[in-house]
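Here is the naming used below: chain letters follow the sequence lines, and residue numbers restart at 1 for every chain.
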Amino acid sequence: MDIRNIIKSALERLGIDAPPIELEVTRAEAHGDISTPVAMVLAGQLKKPPGKIAGDIVNAIGNGEMFEKVEIAGPGFINFFLAKDYIHKKLADLLKDPGKFVRCDMGRGEKVQIEFVSANPTGPLHLGHGRGAVVGSALANLLENAGYNVEREFYVNDAGRQVHLLGESVFARYMELCGRDYSFPEDGYRGEYIIDISKSIYNEEGDKYCNKGFDECSDYFIDYSYMLMLDDIKVNLEDFGVVFDSFRSEKELYSKGHVDSLIEFLREKNLVYEGSGATWFRSTEFGDDKDRVIIKSDGRYTYFASDIAYHFLKIKGGFRELINIWGADHHGYVKRVRSAIDALGFDPGRLKVILVQMVSLLKAGKPVQMSKRAGDFITLREVMNEIGRDTTRFIFLTRKPDSHLEFDLDIAKKHSAENPVFYVQYAYARINSIFRKAGEEGFDPDNLEYSHVKMLSEDEELRLIKKVLFYPILFEGAVNAREPHRITYYLQELAGIFHPYYSRHRVLGEDRNITVARLLLCRAIMIILNEGLSILGISAPEKM
RNA sequence: GCGCCUGUAGCUCAGUUGGAUAGAGCAACUGCCUUCUAAGCAGUGGGCCGGGGGUUCGAAUCCCUCCAGGCGCGCCA
């Protein structure tokens with residue numbers, strides 16, 4: 001839509017400096033299709049009543065082909081009513097080149113990395129991971145369709161204490177199988193799956209390690225265990241519709257010297273100092289609340305040390321923008337990482353952290369306590385099996401990440417049959433059904449004469465066309481805000497106009513010309529539904 | 001104590017970056033299948049937008065303050 005330019009040139013003709021022009025898709029039909037408050041914005045600056053300014057603007061715009069009418073309303077809104085011919089023409093454009101309509105090139109190939117899930121490979125995924133996974137994958141799809149060059153990355157915490165504990169927990173279970181006493185590590189993982197891993201090792205290796213101490217074979221137990229868990233995580237994510245382009249190993253940050261060279265670099269720039277036997281990073285100089293330890297007094301590195309190195313690598317990898325999707329319990333970490341990026345000489349604004357709020361799991365209204373260590377939790381896999389993949393994804397995508405989510409298993413199960421996701425999918429299936437029938441009646445769905453769109457004149461048809469035509473506005477808004485959930489709501493609205501239309505008007509009717517016109521409209525809706533669902537990673541079934 | 005997030009219909013949540021009369025799903029109630037899929041349609045009821053101040057043409061949205069809930073504040077990861 002080039003309404004913005006029309007207003008801008010009108011303002012030029014009036015000799016007014018154009019402020020940024022806001023356009024909005026109106027809520028009420030009486031307010032036209034598109035509206036701008038620009039006259040009210042200018043009122044203060046020009047010291048004239050907004051109504052007068054709006055009048056001048058409307059006169060300067062004149063009557064183009066694009067509008068049926070342009071009105072002034074309320075405190076000074078300018079409301080644009082699109083002309084039918086224009087709407088028809090735009091619909092035909094959409095149909096001629098859907099790819100061009102539905103996508104855009106806002107990103108211009110800019111490299112963006114989205115890091116998400118990054119669950120410790122010490123146990124199965126739970127529902128909280130699922131939320132991050134869905135948000136991340138949908139956001140990646142969204143940005144990709146907007147012309148960004150997106151990399152989906154999973155950061156694997158395969159170094160440090162947690163995988164060590166995992167290995168030792170498995171070792172302890174293994175010793176049990178050997179019939180030996182070995183005291184289970186205090187903070188060890190007590191889940192059932194630990195026993196499975198130890199059995200699997202016992203089956204492969206027998207009693208080979210029964211006479212050894214953990215220190216002698218820790219590498220084997222750790223690596224074997226976390227790799228098995230990581231494979232399990234990958235399979236589960238894939239089944240959940242989440243794929244990654246890259247798995248970045250924390251361990252390799254050390255083994256390839258990235259952490260050491262980073263600390264060396266920080267030393268040279270005098271960004272670290274020694275104190276109480278530890279090495280500190282001067283993060284307060286870059287906005288953090290306190291300085292942070294990167295090397296502990298026992299000589300070990302903190303998680304933060306490898307994380308600085310990690311983000312340094314990301315930036316050096318050529319990513320203009322880094323998006324990290326973290327659980328909200330990590331929010332205290334954001335400042336720290338930003339300060340590190342700042343210290344390294346880069347704009348900390350390049351890191352965008354999306355904090356996904358906690359998912360509290362309920363069963364019949366009562367909270368389910370979850371503890372990974374105690375091995376007491378409901379896995380993503382279980383929820384997927386019970387609720388279904390599309391429904392689960394949809395539930396996550398009908399909430400913005402900021403909102404705390406109550407996931408009641410019983411309600412979700414009860415609602416899964418009436419979840420709005422089916423409302424959207426059903427619209428798609430219905431249209432497919434129409435096209436199957438149309439094929440039987442001798443229409444060639446791929447060869448419909450576009451000029452027939454002129455026959456679309458019912459109010460509901462025009463509403464549908466406009467809804468479809470405004471998709472790019474919504475899409476761009478979602479991209480700018482990095483908010484895939486907006487797509488979800490739009491799809492529900494679109495389906496919400498289609499279903500009533502379907503039940504009141506027959507697509508395949510007496511008049512062949514009107515039928516062709518309506519098929520074209522259905523085609524357009526189908527294109528948009530399919531596009532939106534694919535962004536969300538939700539299937540678009542041809543039959544239901 | 002400090003920081004972050006949240007508070008909108010009975011429940012779960014949106015609200016187009018400050019716009020016009022507050023939105024959807026579920027739940028409740030009433031109707032509709034001999035015609036392209038009833039996972040649908042038509043209709044009814046339901047609100048101090050947590051409270052109080054402020055900013056301005058205009059506030060659910062921005063600022064201050066209070067209340068309530070969640071999560072963080074380690075030489076843990």
Side-chain angles (χ1 to χ4, degrees), chain A residues 22-28 30-31 35-37 40-41 43-44 49-50 73-77 79 120 122 157 159-163 165 187 275-280 289-290 292-298 300-304 307 327-335 355 357-358 360 365 395 398-408 411-412 414-415 417-423 425-427 429-438 440-441 470 473-474 477-478 480-481 483 485-486 488-490 492-493 495-496 499-509 515 518 522 543-544:
Chain A
E22 295 170 55
L23 290 183
E24 73 179 78
V25 178
T26 58
R27 222 183 276 263
H31 299 151
S35 174
T36 180
M40 291 179 286
V41 175
F77 290 100
N79 295 336
N120 275 335
T122 55
N157 296 118
R161 184 176 145 79
Q162 295 310 316
V163 286
L165 264 176
D187 293 322
S276 328
T279 304
W280 299 72
D289 307 324
K290 47 172 28 178
R292 306 290 173 176
V293 170
I294 51 175
I295 306 176
K296 296 186 269 182
S297 50
D298 67 0
R300 290 171 186 271
Y301 298 96
T302 62
Y303 186 76
F304 187 42
D307 233 25
D329 51 341
H330 289 75
H331 84 262
Y333 214 69
V334 176
K335 248 188 200 173
L355 293 171
Q357 285 296 330
M358 302 285 98
S360 46
I395 288 172
T398 42
R399 284 142 171 92
K400 54 181 183 214
D402 287 340
S403 66
H404 302 254
L405 171 58
E406 286 196 355
F407 200 110
D408 190 310
I411 292 178
K414 210 171 125 208
H415 286 186
E418 4 183 291
N419 189 285
V421 70
F422 298 117
Y423 188 77
Q425 290 179 318
Y426 191 50
R430 269 184 158 173
I431 293 173
N432 272 274
S433 172
I434 293 171
F435 274 101
R436 280 193 295 273
K437 195 81 188 291
E440 290 166 18
E441 293 185 9
F470 291 152
I473 297 176
L474 172 115
N480 275 329
E483 287 180 353
H485 74 271
R486 294 192 193 193
T488 319
Y489 282 89
Y490 170 86
Q492 292 187 79
E493 288 162 14
H499 284 303
Y501 171 69
Y502 175 92
S503 63
R504 263 197 291 269
H505 303 278
R506 281 193 64 79
V507 172
L508 306 172
T515 296
R518 291 183 172 170
C522 286
K543 286 183 186 173
M544 281 177 75

Could you work out the separation of rC5(B) and rA42(B) based on their C1' atoms and round it to a whole Å? 41 Å

Heavy-atom donor-acceptor pair, Thr302(A) side chain to Ile295(A) backbone, under 3.5 Å: no

To the nearest Å, how far apart are Glu22(A) CD and rG18(B) C1'? 8 Å

Under the rule of Watson-Crick or G-U wobble with both distances under 3.5 Å, where | means paired to another strand and [ ] a crossing pair, RNA chain B maps to (((((((..((((.....[...)))).(((((.......))))).....(((((..]....))))))))))))....

Could you check whether the side chain of Asn79(A) and the base of rA20(B) have a donor-acceptor pair of N or O atoms closer than 3.5 Å, going by distance alone? yes

Within the structure shown, what part of the strands sits under 4.0 Å from Pro50(A) by heavy-atom distance: base, sugar-phosphate, or nothing? nothing

Distance in angstrom units between Lys335(A) NZ and rC5(B) C1', rounded: 15 Å

Taking atom C1' of rA14(B) as reference, at what distance in whole Å does atom CZ of Arg27(A) sit? 10 Å

With sequence neighbours left out, the residues meeting salt bridge (Lys or Arg N to Asp or Glu O under 4.0 Å) with Glu406(A) are none

For rU61(B), does the glycosidic angle fall within 90° of 0 (syn) or outside that (anti)? anti

Base, sugar-phosphate, or nothing: which does Glu418(A) touch, judged by heavy atoms less than 4.0 Å apart? sugar-phosphate

With sequence neighbours excluded, what pairs up with Met40(A) under the side chain to side chain contact (heavy atoms under 4.5 Å, CB included) test? Pro37(A), Pro50(A), Pro75(A), Phe77(A)

Classify the side chain of Ser297(A) and the base of rC75(B) as holding, or not holding, a donor-acceptor pair under 3.5 Å. yes

At under 4.0 Å between heavy atoms, what does Leu405(A) touch on the DNA or RNA strands: base, sugar-phosphate, or nothing? sugar-phosphate

Would you indicate what Ala43(A) reaches in the nucleic acid, counting non-hydrogen atoms under 4.0 angstrom: base, sugar-phosphate, or nothing? nothing

I'd like the C1' distance from rA27(B) over to rA68(B), given in whole Å. 26 Å

Is rC4(B) in the syn range, within 90° of 0, or in the anti range? anti

Non-neighbouring partners of Lys400(A) that pass side chain to side chain donor-acceptor pair (under 3.5 Å), sequence neighbours left out: none

Just checking Tyr489(A): base, sugar-phosphate only, or nothing, at a heavy-atom cut-off of under 4.0 Å? sugar-phosphate

Sugar-phosphate, base or nothing in reach of His31(A), heavy atoms under 4.0 Å: base

Would you say whether Tyr423(A) stacks on rG25(B)? The test is a distance between ring centres of less than 5.5 Å and an angle between planes of less than 30°. no

For the pair made of CZ in Phe422(A) and C1' in rA24(B), what is the distance, rounded to whole Å? 18 Å

Under 4.0 Å, heavy atoms only, any strand: does Ser403(A) hit a base, just the sugar-phosphate, or nothing? sugar-phosphate

Atom CG of Asp402(A) to atom P of rA60(B): distance rounded to whole Å? 20 Å

Could you tell me whether the side chain of Ser35(A) has a donor or acceptor atom within less than 3.5 Å of a complementary atom in the base of rA20(B)? yes

Contact nearer the 5' end of RNA chain B, comparing Ala495(A) with Asp298(A): Ala495(A)

N or O in side chain of Tyr426(A) less than 4.0 angstrom from rA39(B) OP1/OP2: yes

Looking at every strand, decide which applies to Ala427(A) at a 4.0 Å heavy-atom threshold: base, sugar-phosphate, or nothing. nothing

Nearest whole Å is fine: how far is rA39(B) P from His499(A) NE2? 10 Å

Looking for any heavy atom pair under 4.0 Å, which part of the strands does Phe435(A) touch: base, sugar-phosphate only, or nothing? nothing

Under 4.0 Å, counting only non-hydrogen atoms across every strand here, what does Ser360(A) touch: a base, just sugar-phosphate, or nothing? nothing

If you check every side-chain atom of Ile434(A), which of rC36(B), rA14(B), rA38(B) has the closest atom? rC36(B)

Partner residues of Phe435(A) under the ring-ring contact (aromatic ring centres under 6.0 Å, His included) criterion, sequence neighbours left out: none

Give me, pair by pair, the N or O atoms of the protein and of nucleotides 66-73 of chain B that are less than 3.5 Å apart, along with how far apart they are.
{"from": "rG69(B)", "atom 1": "N2", "to": "His404(A)", "atom 2": "NE2", "distance (Å)": "3.2"}

Would you kindly give the CD-to-P distance between Gln492(A) and rG25(B), to the nearest whole Å? 8 Å

Can you tell me how far C1' in rG51(B) sits from the matching atom in rC41(B), rounded to whole Å? 42 Å

If I pick the C1' atom on rC49(B) and the same atom on rU61(B), what distance separates them, to the nearest angstrom? 10 Å

What does Lys400(A) touch in the nucleic acid at a heavy-atom separation under 4.0 angstrom: a base, only the sugar-phosphate, or nothing? sugar-phosphate

